[in-house]
Amino acid sequence: MADWYNKINIKIRRFKKLWRKALTLCFFVYPLFLASCGSLPQPDLAPTDVPVAWRNTPVALAQASDQAWWLALKDPVLNETVNLVLKNNLTVAQSYERLNAERALEKATTAAQKPRFGFYFGPNSSVAYANYRQSTAYVIGFDLAWEAPFTAKQEGQRMVAKANIEAASAGMLGARASVVAEVVRVYAELRAVDQKLAAVKKMVAYQEAILRIYERSESSGALSKQDLIQVRTKLFELQSVLSDALLFRESVLQRLDILCGLNAPLPLWLDLAENSWQVERTQVQPFKIPADLVMERPDVRIAIAEVKRAAGQVGIADADLYPRIGVEGAVYYSGTLIKNGSTAKDGLLTFLAPNIHIPIYDWGMAREQKNASEAEFRRAIVAYREAILQAVADTELAIANFNAADERLMRAQAEGANLVEAAERNKVGLRAGHLSPVEVFSANIKLLERKIANIDDQTFWVSAFAAANKAQTNMSLDKKRFGDSEATLANVNK
């Protein structure tokens with residue numbers, strides 16, 4: 001009977017040991033299982049809203065080339081200005097530094113998910129509380145803390161950091177493309193206003209000559225006072241136009257200074273008035289099919305990065321609903337400087353143990369945070385679709401705008417040749433006596449007015465050419481052309 005009783009006790013003790021081990025295992029495995037339930041959403045980023053082909057097609061297409069598009073204008077001063085902008089522009093410099101910051105933060109995010117070691121030296125409060133007479137207890141040593149990276153939180157943090165890098169990289173290339181297009185447009189305005197100033201000065205000189213003739217005629221009684229007033233009023237109008245043109249030229253120079261990061265205009269820009277500027281109609285590089293082009297535009301790449309960032313935030317919020325498991329440890333030396341009657345002993349304090357935090361009830365805060373992150377994720381997807389539609393519309397409009405500008409420039413250049421011929425015929429008529437000086441001067445003023453209109457057409461064409469090339473900004477090509485390596489970033493503003 002006693003043997004049977006002993007056997008039963010042995011089995012009960014074994015069962016209790018196995019039960020405690022099972023409970024301990026469940027205590028650690030169950031939170032791990034719960035935490036692993038968190039996941040990140042996987043959005044479908046296929047360009048479904050992109051048309052199969054462009055509705056508008058440029059009237060002239062050049063051969064595909066890796067060469068920078070502004071070189072097709074064949075203007076050495078413009079090329080030097082663009083190079084200066086890429087080197088000194090403060091907006092581009094800010095985008096470079098933002099990319100540097102996001103790269104550093106991505107490294108910090110990865111490092112934060114690894115075990116962290118620290119050094120501690122300070123009071124030993126537990127000894128001080130146990131021995132009220134003791135006030136010089138201290139500990140010194142090293143500690144360890146680590147949260148197990150099996151939840152969606154760590155994966156979400158990495159996704160957010162990478163999305164921030166993608167957005168910063170796209171923003172950098174987008175800023176560079178925008179600044180280059182803007183400086184080409186402003187440079188064209190500078191060349192145009194120089195030509196307009198020369199034309200308006202000639203118009204003022206012709207009108208002054210007409211006024212002198214009318215003054216002599218009025219003094220002799222051949223003309224009425226009213227005719228003289230009208231001629232004088234016309235001169236005042238032309239002089240006002242000249243003053244406005246001078247003011248506009250100064251504003252253009254100031255815009256170039258800002259774009260190039262300068263506090264004074266380059267001497268090259270001030271000497272441009274001495275050289276005439278005639279744009280040769282060039283061609284726009286062929287546009288890719290809509291899907292390929294749209295997915296390479298910086299604004300669309302930023303929208304994609306926003307979707308990825310929102311997906312990462314969903315994973316971070318989702319992880320707060322599940323347990324967190326980590327490990328803590330330390331190696332301390334505990335000692336006292338002045339015993340003062342304390343019985344505490346000096347020596348090493350060591351421990352290495354897991355820690356588990358299981359959320360129980362927080363009044364729905366974590367659940368609502370997850371709902372908010374999911375709503376933001378859905379909003380980011382809708383914004384991505386809108387960015388694609390906007391990119392398609394911008395590209396279509398840029399192509400149509402360039403087609404219209406190209407037709408206007410073609411007509412303006414043809415009219416320009418006729419204006420030169422008409423001016424020569426006026427000279428011939430004046431020398432032959434068929435035309436009076438007033439008739440020739442008045443005709444030349446009208447010819448110069450048409451010349452100014454043609455200059456505006458030429459400026460409009462350059463702006464449309466820049467906009468068309470900006471519309472097909474290719475991130476892969478720009479990275480290859482300019483690069484965004486660490487060495488390049490380190491040389492900004494040098």
Side-chain angles (χ1 to χ4, degrees), residues 60 67-89 177-204 238 241-262 264-284 398 401-402 404-417 419-420 423 447-470:
Q67 190 180 41
W69 57 267
W70 59 86
L71 298 178
L73 297 176
K74 300 177 182 179
D75 190 317
V77 179
L78 174 60
N79 298 340
E80 184 175 345
T81 303
V82 171
N83 292 336
L84 188 63
V85 164
L86 293 175
K87 180 181 178 183
N88 290 348
N89 183 264
S178 298
V179 165
V180 169
E182 178 67 10
V183 76
V184 170
R185 186 184 67 82
V186 175
Y187 177 82
E189 289 182 353
L190 177 62
R191 300 304 301 264
V193 74
D194 284 340
Q195 290 180 305
K196 288 181 179 180
L197 278 172
V200 173
K201 288 177 181 178
K202 290 181 180 179
M203 294 168 66
V204 170
L238 290 176
V241 172
L242 180 61
S243 299
D244 293 341
L246 289 171
L247 178 60
F248 182 72
R249 183 175 187 272
E250 182 61 30
S251 68
V252 171
L253 288 172
Q254 293 298 327
R255 278 185 287 164
L256 278 179
D257 289 345
I258 295 174
L259 287 170
C260 296
L262 303 175
L266 290 178
L268 288 173
W269 301 339
L270 302 177
D271 296 336
L272 292 175
E274 300 177 358
N275 304 317
S276 61
W277 193 51
Q278 183 69 33
V279 171
E280 296 181 7
R281 290 176 58 234
T282 185
Q283 297 175 326
V284 177
N401 197 38
F402 175 75
D406 197 62
E407 292 179 6
R408 284 178 56 177
L409 181 61
M410 182 172 58
R411 291 193 297 266
Q413 291 180 344
E415 184 184 8
L419 293 178
V420 173
L447 294 178
L448 289 171
E449 289 175 349
R450 288 304 309 159
K451 182 179 180 180
I452 290 176
N454 292 340
I455 293 172
D456 290 334
D457 292 338
Q458 180 171 274
T459 307
F460 177 64
W461 183 92
V462 175
S463 299
F465 179 71
N469 284 282
K470 177 188 173 184

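Values below: every heavy atom of this structure, side chains too, minus hydrogens, waters and symmetry copies.
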**Euclidean distance, S463 OG relative to E182 CD, rounded to 0.5 Å** = 8.5 Å
**Fill in**
Shortest non-hydrogen pair, K470 vs A177, comes out as CG-O, 4.4 Å
**Asked** Do K196 and D456 touch side chain to side chain, with heavy atoms closer than 4.5 Å?
**Response** yes
**Message:** Are W461 and D457 packed together at the side-chain level, in the sense that at least one heavy-atom pair is separated by less than 4.5 angstrom?
**Reply:** no
**Item:** From CG (N88) to CG (L259), nearest 0.5 Å
**Value:** 11.5 Å
**Request:** Give, for atom CD of E415 and atom CG of L447, the distance between the pair rounded to the nearest 0.5 Å.
**Result:** 9.5 Å
**Asked** Where do I258 and N89 come nearest, in terms of heavy atoms and distance?
**Response** O-ND2, 4.3 Å
**Message:** Tell me the closest heavy-atom pair linking A398 and A467, and the distance in Å.
**Reply:** CB-O, 4.0 Å
**side-chain contact (heavy atoms from CB on, under 4.5 Å) evaluation trace for V77 with Y187** = CA-CA 9 Å; V77 179; Y187 177 82; 3.4 Å; yes
**Asked** Does M203 reach the side chain of V241, with side-chain heavy atoms less than 4.5 Å apart?
**Response** no
**Asked** Would a 4.5 Å heavy-atom cut-off, applied to side chains only, mark V82 and N79 as touching?
**Response** no
**Request:** Anything under 30° is parallel, anything over 60° is perpendicular, the rest tilted; go ahead and classify F465 against F402.
**Result:** tilted
**Request:** Tell me, with the steps shown, if R191 and V462 meet side-chain contact (heavy atoms from CB on, under 4.5 Å).
**Result:** CA-CA 11 Å; R191 300 304 301 264; V462 175; over 6 Å; no
**Asked** What pair of heavy atoms forms the shortest contact from L409 to Q458, and how long is it?
**Response** CD1-CA, 3.8 Å
**Complete:** Heavy-atom closest pair (A245 atom, V193 atom, distance to 0.1 Å) is O-CG2, 3.5 Å
**Message:** As an exercise, state the distance from CG of D271 to CG of D194, rounded to the nearest 0.5 Å.
**Reply:** 10.0 Å
**Prompt:** Minimum heavy-atom separation for A188 to T459, with atom names?
**Reply:** O-OG1, 4.1 Å
**Request:** Any chance you could measure K202, atom NZ, to L197, atom CG, to the nearest 0.5 Å?
**Result:** 12.5 Å
**Prompt:** Are side-chain heavy atoms of V184 and L73 found at a separation under 4.5 Å?
**Reply:** yes
**Asked** Taking side chain as C-beta onward, heavy atoms only, is V183 less than 4.5 Å from W70?
**Response** no
**Request:** Please report the C-alpha distance between L266 and L84 in whole Å, then the side-chain angles of each, then the deciding distance to 0.1 Å, and finally whether the side-chain contact (heavy atoms from CB on, under 4.5 Å) criterion is met.
**Result:** CA-CA 11 Å; L266 290 178; L84 188 63; 3.7 Å; yes
**Request:** Indicate yes or no: at least one non-hydrogen side-chain atom of V200 is less than 4.5 angstrom from one of I452.
**Result:** yes
**Item:** Close side-chain approach of W269 to L262, heavy-atom, < 4.5 Å
**Value:** yes
**Asked** Would M410 and D406 count as a side-chain contact (heavy atoms from CB on, under 4.5 Å) if you check the C-alpha gap in whole Å, the side-chain angles of each, and the deciding distance to 0.1 Å?
**Response** CA-CA 6 Å; M410 182 172 58; D406 197 62; 5.7 Å; no
**Prompt:** How long is the gap from CG on L270 to CG on L253, to the nearest 0.5 Å?
**Reply:** 6.0 Å
